[in-house]
Enquirer: 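Okay, here's the structure, questions in a sec.
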Amino acid sequence: MAFLELKNVYKSYGTGKERVEVLSDINLSIEEGEFLAIVGFTGSGKTTLINLINGLHFPDKGEVLLQGKPITGPGPDRGVVFQNYSLLPWLSVYHNVKLAIDKAYPQATGKEKDERIRSYVEMVGLSHAIHKKPAELSGGMRQRVSVARALAMNPEVLLMDEPLSALDALTRGTLQEEIVNIWSKDKKTCLLITNDVDEGIIMADRIVPLTPGPNASLGPEFQVDFPRPRVITEINQDPAYKLLRNEILEYLIQVGAARKQEQKQVEYTLPDLKPVMPGRLRWRKKREDEKVKYF
Amino acid sequence: MKNKLITGLRFTGLGFLEPLVRLIQGEDPQKNTLAFVKRAIFPLLSIALFIGIWHASADYLYNKEATARIEKAREKQGETAATEMKECIASGDVSCQPNTLPSPAKVWLAYQTLLRDHKVISNDKAAFKKKTAALNAKRKAKGDAPITYTGRPSFVDQIITSLQTVFAGFLLAALIAIPIGIIIGLSSTLRNSFNWLIQILKPVSPVVWLLLVFMIVKTLITNPDMDKSFMISFISVGLCAMWATLVNTSMGVSSVDKDFVNVAKVLKLNVGQNIFKVVLPSSLPMIFTGLRITLSVAWMVLIAIELLAQSPGLGSFVWEEFQNGANDSNAKIIVAMFVIGLIGFLLDRIMMTIQKMMSFNKAEVA
């Protein structure tokens, strides 16, 4: 039995005319300890998919099963790393992580909690900034705190919703490595949502593309068999890497193009109007070099 | 040191002194002189212009009333009376001075009179205290109430009473509005059910609140030793002023950023943690904006309420002076006007500083 399973899941937003089918017929199963990446265009419903798993949303049809049991709401067994970090700006790094620790180990004494908090913060390499507020951290550091907070809940599954998409390419690379390192230590089940095929190949065991929405569904899966640890500079030279990357990209581009053709072409005719430029109040003759100020 | 001073100045709303500080340090003289002129000299010039216009119009009104008086005397009593009246006005005799908008100079004189008056009264008070000290000690030993000074309060005493009333009212408003705002904000059902009531009660005039509070307090408090007028005025002030905080708190609580709500859900925070760790911190800026409005509204309605409730304070000072009709009464009223304005401005600045301390920069964080 799969560890996390989505069976014939449908999800839509709105009612009546405004109803938008976001996801349709999603079937997915993730084995325990697996690192799965879902790659898709922006707006294809990736965040909706992850919200179905973390329990913030519920499917219209079909079911989401964790260890064979349907998901009834958010829970500490699923740690989430949000796309926009979602750290509480009024709490320091320490206290942001503490929120999760308090939830995961309610029985622990103050000292044990303190040790755990420090160990998770150290895991993401932020010990020097432990008492800083999120506003004082760089984007990459904030995302690390977010990862630490998700891990601190000691979850069965780690769900990551485009965790690195707001970062620059260099920080991205190091964080990718770090997340994989942390994952390889205790082999928690990981679901990564991303719009970057390379990121998926570097980090995941398996990549499943999501076709563009509305009515997004999952495409054929791609196995990623490169040995770990994967080093980005080495893997870049590998012809198998290029092949896989091209295959996934071609598939995505192909479904993207097909989707575009399906959409009705609506032609808008512009009204035949001549624009009138706003005039300037003239008290005196305008000088050559004068800048026009309207207010 | 310099940077600290500048941040401090900016924080307390004294930012207009910043160019001067930089100028003294010899930093970019041309730019900072210009900035200083723009931020400090121009406002001062506008005040000077205001005083100029005030002086001119006071002069005009004075002359108009003086002529009217002379004309009236001529009409009613003949030429000799008119000349007498003219001489009387010119001599500055108190008995025949025109009673109109006082000039800035007169207001300044009235201000000094009030200060002198305060000195006299406080000396008087101190002397009284000294005189009755022994007697009061004896009365205390016997278990009697001490003899207190019951003389006329000075202008400064009135200001202090007003401040006490406004703070009592403000505290009452905060204590009522913030908890109710949080409860209403957390539940959309409650918010909907109370919305109409709040919208209807919000625009009710301070005078009506005063009467309502009067009806209730008069029945509830039968002990004649209790300061009923103070209670009535501070409760009315609180009721008038609390709406801004109530609405802002419930708005702030109900519009917590969706990301934070999701975090709270995913972390499965319980109700207490959710309120104190997520909801309240994220709505604090809104709550403090509400409190700032509440304090300024409280100060504004306080004068009207004191005036009607016969409770001591600046409001009754203004009313008594108006009823009094002495030759410098009008000037004293204008002094009170400026004092009210200045204190209101100061209170607002204090709240603004606290508000700045409380708010976090969401844009920097997200």
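As a basis for the values below, the full set of heavy atoms in this structure was taken, side chains included, without hydrogen atoms, waters or symmetry mates. A note on names: the letters A, B, ... follow the listed sequences, proteins ahead of strands, and every chain is numbered from 1.
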Enquirer: For atom NZ of B:Lys202, is the number of surrounding heavy atoms from other residues, nucleotides or ligands below 6.0 Å larger than 12?
Expert: no
Enquirer: Working to the nearest 0.5 Å, report the span between CG of A:Leu88 and CG of B:Asp259.
Expert: 10.0 Å
Enquirer: At their closest point, which heavy atom of A:Met153 faces which heavy atom of B:Val266, and how far apart are they?
Expert: CE-O, 3.4 Å
Enquirer: Is it the case that over 12 heavy atoms from other parts of the model lie below 6.0 angstrom from the CE atom of A:Met123?
Expert: yes
Enquirer: Do B:Asn262 and A:Phe82 have side chains that get closer than 4.5 Å, going by heavy atoms?
Expert: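 Yes, close enough: below the 4.5 Å cut-off.
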Enquirer: State the CG-CG distance between A:Asn84 and B:Asp257, to the nearest 0.5 angstrom.
Expert: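 Going from CG on A:Asn84 over to CG on B:Asp257, the span is 8.0 Å.
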Enquirer: Judged by atom type as modelled, is there a donor-acceptor pair below 3.5 Å linking the side chain of A:Lys103 to the main-chain atoms of B:Leu269?
Expert: no
Enquirer: Can you tell me how far apart CG (A:Leu91) and NZ (B:Lys277) are? Round to the nearest 0.5 Å.
Expert: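 Nearest 0.5 Å value for the CG-NZ distance: 7.0 Å.
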Enquirer: For A:Lys185, does the NZ atom sit with more than 12 other heavy atoms under 6.0 Å from it, leaving out its own atoms?
Expert: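 Yes - once you tally the heavy atoms of other residues, nucleotides and ligands closer than 6.0 Å, there are more than 12.
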Enquirer: Are more than 12 heavy atoms from other residues, nucleotides or ligands located less than 6.0 Å from atom CZ of B:Phe345?
Expert: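 Atom CZ in B:Phe345 is not packed in, count stays at 12 or less.
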Enquirer: Heavy-atom cut-off 4.5 Å, strictly under: side chain, backbone, both or neither for A:Arg78 against chain B?
Expert: backbone
Enquirer: Answer yes or no: does atom CD of A:Glu122 have more than 12 heavy-atom neighbours from other residues, nucleotides or ligands under 6.0 Å?
Expert: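 Counting other residues, nucleotides and ligands, CD of A:Glu122 stays at 12 neighbours or fewer.
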Enquirer: Mind ranking A:Pro74, A:Gly79, A:Gly73 by heavy-atom pairs under 4.5 Å with chain B and telling me who comes out on top?
Expert: A:Pro74
Enquirer: As an exercise, state the distance from CG of B:Leu284 to CH2 of A:Trp90, rounded to the nearest 0.5 Å.
Expert: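 Taking CG in B:Leu284 and CH2 in A:Trp90, the distance rounds to 9.0 Å.
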Enquirer: Which one, A:Asn51, A:Asn54, A:Leu99, leads in non-hydrogen pairs under 4.5 Å with chain B?
Expert: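 When all of A:Asn51, A:Asn54, A:Leu99 are compared, A:Leu99 has the most.
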